[in-house]
Number of protein chains: 2
Amino acid sequence: MGRKRFRLGHDHGGRVTVRTVADIAGVSIASASRVLNGLGGSPELSARVRSAAERVGYVPNAIARSLQAQRTGLIGIAVPDIGNPIFIQMVRQAERVISDSGRQLLLHATKGDAAGEVELLRGLARRYVDGLILSTIKVTEAHHAILSQVAVPVVVTGQLLGDVPVDNVWADNTAGVQLAIEHFVQSGRRRIAFVNGPLDTIPGSVRDVAYRSSVAAAGLAVDDDLIENGDFTFAAGLDGTRRLLDRVRPDAILCGNDLIAAGTLHALLASGIRVPTEVAIIGMDNTALAELTFPRLTSVDLGGGERGRMAARMLLDRLETPDLPPRHESIVPFLAVRDTTVPNGDL
Amino acid sequence: MGRKRFRLGHDHGGRVTVRTVADIAGVSIASASRVLNGLGGSPELSARVRSAAERVGYVPNAIARSLQAQRTGLIGIAVPDIGNPIFIQMVRQAERVISDSGRQLLLHATKGDAAGEVELLRGLARRYVDGLILSTIKVTEAHHAILSQVAVPVVVTGQLLGDVPVDNVWADNTAGVQLAIEHFVQSGRRRIAFVNGPLDTIPGSVRDVAYRSSVAAAGLAVDDDLIENGDFTFAAGLDGTRRLLDRVRPDAILCGNDLIAAGTLHALLASGIRVPTEVAIIGMDNTALAELTFPRLTSVDLGGGERGRMAARMLLDRLETPDLPPRHESIVPFLAVRDTTVPNGDL
DNA sequence: TTGTAAGCGTTATCAG
DNA sequence: CTGATAACGCTTACAA
């Protein structure tokens, strides 16, 4: 038998629970709980409870409440890299929606590690969060397998491989790349290079295909020498562009994202090449970074913030109505034209 | 979909708990729990339990476990702005330490809102997290008051006002500013401006004082016309520098952080002013941003990552040894010299 | 209106 | 080694 739980006075092992409050107020814990939750109680009793709670500095234990309520009020959001401004953009907008709903966002960085993401999904069934927004750049079979088993609702942002019955928001990378290429072509560029991210990521491979078809559609030759693949980072943009310049002389460079574009810009300027006069640059994602380089980056807006906002909203919808059929939404991209493609007064 | 679990006598309302597993295995929930946690159990019984768990896809409920264990394994970290790379740096390093300890980091953005932070601290006593790292740039009386009442351990990163008995890691802003001014002076700069953050923040005001005393110590006149105060943002750096250039012509500009410095750089280049030849720039925080502007930013490293790392470590220490006396640690700053103060081969 | 008591899903204690 | 059973702190029928 456990030791008998008989209380004289108000000793509760230093822990203040609803029982402490009830004892001090001289009422049952049920009454205390009711008053504390604003559900009835006579004025006199309520006053006693409230004053007792105040006196001992009572704060309800969220864990216990969650166990009872079967929900935590926490929403997880997993992104590959919090150092990449595109994900900051997404998280920011998602956070808005989530916190407006009275919930809290639990941010998790996956480092783009597929195994880690799957592990996260598996652990997710542990119910620490009421739902998850998963932003992924690589999708494996394991993802698909586990996605259909997870106990809590998941919204995936990013393009999926097959036809998974899961809520999904994706950026139309193909249309985005096309916008960029058309912009280059219309301003007279003929040798358009592409410093892209890794081909074993979804955005990387989709953009590669889109680049090739857009270039071809513009009546230009597709030349593998004009293509570089590396990480989605500033360093990769810098290195990739240097390698590129060692073998060809493009008059325009499309970059896999804004971080890469910043690296490309840096490499060009360091080589004494004028931007945009000699070489034009377009980044992708249209993040805060695009505003802050000099010259400012023209960038394809793939609706990063909108994706975050929408993913959050879809998740809340599903929480409210679990039987909703899975939704797939895509965002229409647009081009934010700035100074790396069109010379402006500043230059 | 997993609707198939409604068979035989094992219907538990669609929810799989340890009881479900125990029933199917034909053992007590105590035995099931033990086996599932790797604590004994005969081979034969263990096998039965494990196979049952596997069959129904049992996943332990973390909430229930937390209620029992009186801990969640979650550590909160609250930062003013996840768009500012200094906080990303801090969070990254903290995350490393925390996840190495088998815990998870719950990131919370406070928007630098003092009231929100106090609310967070208050709600924190709800025990959703085992501890909190609070990175704050404004400290109010309310902070101090509540800090001494919170139920879970808190580590504050940032300079505190008085002598609060709480674990604390801070950056030596004064020494950092001094390093910057000395570097300017040694390279022959005489008219050193300061585009700073808001004076009603701790770093803003501390750096203001330090700037004035360092300039005076160098034998230069302190001129209010050389000082601009705004937000800790790129836009504020841009605007502040434009206003500055309207009334004075400095030969060096110290910036309150790297975001401001990027704005300053942008404003100078847009005005056709050569950097660093005509005007030198030093940022603060030495974030990833300092590496990616062109030219690269010289920046005062105030140990952002180190602060995150140390804060996490202090928190873990306190979790392990609650009776430790409060510790106050400061980080020794250094100057990361790059191209906005010293012309390099690239230029 | 108020109190009693039954859970929420685990783990831990204590007898067999 | 195994099985009842008492917590963990809270909410909520159900009674009084």
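Computed over heavy atoms, backbone and side chain alike; hydrogens, waters and symmetry mates excluded. Throughout, a chain's letter reflects where its sequence line sits, starting with A, and its residues are numbered from 1.
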Seminar exercise, completed: Per-nucleotide protein contact along nucleotides 11-16 of chain D, 5' to 3', at a 4.0 Å heavy-atom cut-off (B base, S sugar-phosphate only, - neither), is BBB---
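Whole-Å rounding puts the B/Asp23 CG to D/dT2 P distance at 17 Å. Atom-to-atom, CD of B/Glu44 to P of D/dC1 comes out at 13 Å; the value is rounded to the nearest Å. With rounding to whole Å, B/Arg48 atom CZ is found 15 Å from D/dC1 atom P.
Residues that satisfy the side chain to side chain donor-acceptor pair (under 3.5 Å) test with A/Ser42, not counting sequence neighbours, are absent from this structure. Taking B/Arg309 as the reference, B/Gln93, B/Val97, B/Glu306, B/Arg313 meet the side chain to side chain contact (heavy atoms under 4.5 Å, CB included) condition, with sequence neighbours excluded. Every residue two or more places apart in sequence or in another chain that forms a side chain to side chain contact (heavy atoms under 4.5 Å, CB included) with B/Ala142 is listed here: B/Val118, B/Thr140. A/Thr201 is linked by a side chain to side chain donor-acceptor pair (under 3.5 Å) to nothing, counting only residues two or more places apart in sequence or in another chain.
Taking 4.0 angstrom as the limit, B/Ser42 places a side-chain polar atom (N or O) nearer than this to OP1 or OP2 of D/dT2. Between C/dG3 and A/Ser28, a contact under 4.0 Å exists linking OP1 or OP2 to a side-chain N or O.
Sorted by first and then second residue, the salt bridge (charged side-chain N to carboxylate O under 4.0 Å, His left out) pairs with a member in residues 141-155 of chain B form an empty list; sequence neighbours excluded.
Between B/Ser46 and A/Ile63, it is B/Ser46 whose nearest contact on DNA chain D lies nearer the 5' terminus.
Looking at heavy-atom distances under 4.0 Å, B/Leu45 makes contact with sugar-phosphate atoms alone, never a base.
Ion pair A/Arg50/A/Glu54 not flagged as a salt bridge, since none of the NZ, NE, NH1 or NH2 atoms sits closer than 4.0 Å to an Asp/Glu carboxylate oxygen.
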For residues 314-325 of chain B, run the donor-acceptor check on the side chains, cut-off 3.5 Å, and write out each pair with its distance to 0.1 Å, sequence neighbours left out.
from     : atom 1 : to       : atom 2 : distance (Å)
B/Asp317 : OD2    : B/Arg327 : NH2    : 2.9
B/Arg318 : NE     : B/Asp167 : OD2    : 2.4
B/Arg318 : NH1    : B/Pro322 : O      : 3.0
B/Arg318 : NH1    : B/Leu324 : O      : 2.9
B/Arg318 : NH2    : B/Asp167 : OD1    : 3.2
B/Arg318 : NH2    : B/Asp167 : OD2    : 3.3
B/Arg318 : NH2    : B/Leu324 : O      : 3.0
B/Arg318 : NH2    : B/Pro325 : O      : 3.3

Can I get a per-line list of side-chain donor-acceptor pairs under 3.5 Å for residues 66-73 of chain B, giving both atom names and the distance, sequence neighbours left out?
from    : atom 1 : to       : atom 2 : distance (Å)
B/Ser66 : OG     : A/Tyr128 : OH     : 2.4
B/Ser66 : OG     : B/Ala62  : O      : 2.9
B/Ser66 : OG     : B/Arg71  : O      : 3.2
B/Gln70 : NE2    : B/Leu67  : O      : 3.2
B/Thr72 : OG1    : B/Leu74  : N      : 3.1
B/Thr72 : OG1    : B/Tyr128 : O      : 3.0
B/Thr72 : OG1    : B/Asp130 : OD1    : 3.3

Exercise. Based on Watson-Crick and G-U pairs with both distances under 3.5 Å, what dot-bracket line describes DNA chain D 5' to 3', crossing pairs as [ ] and inter-strand pairs as |?
Worked result: ||||||||||||||||
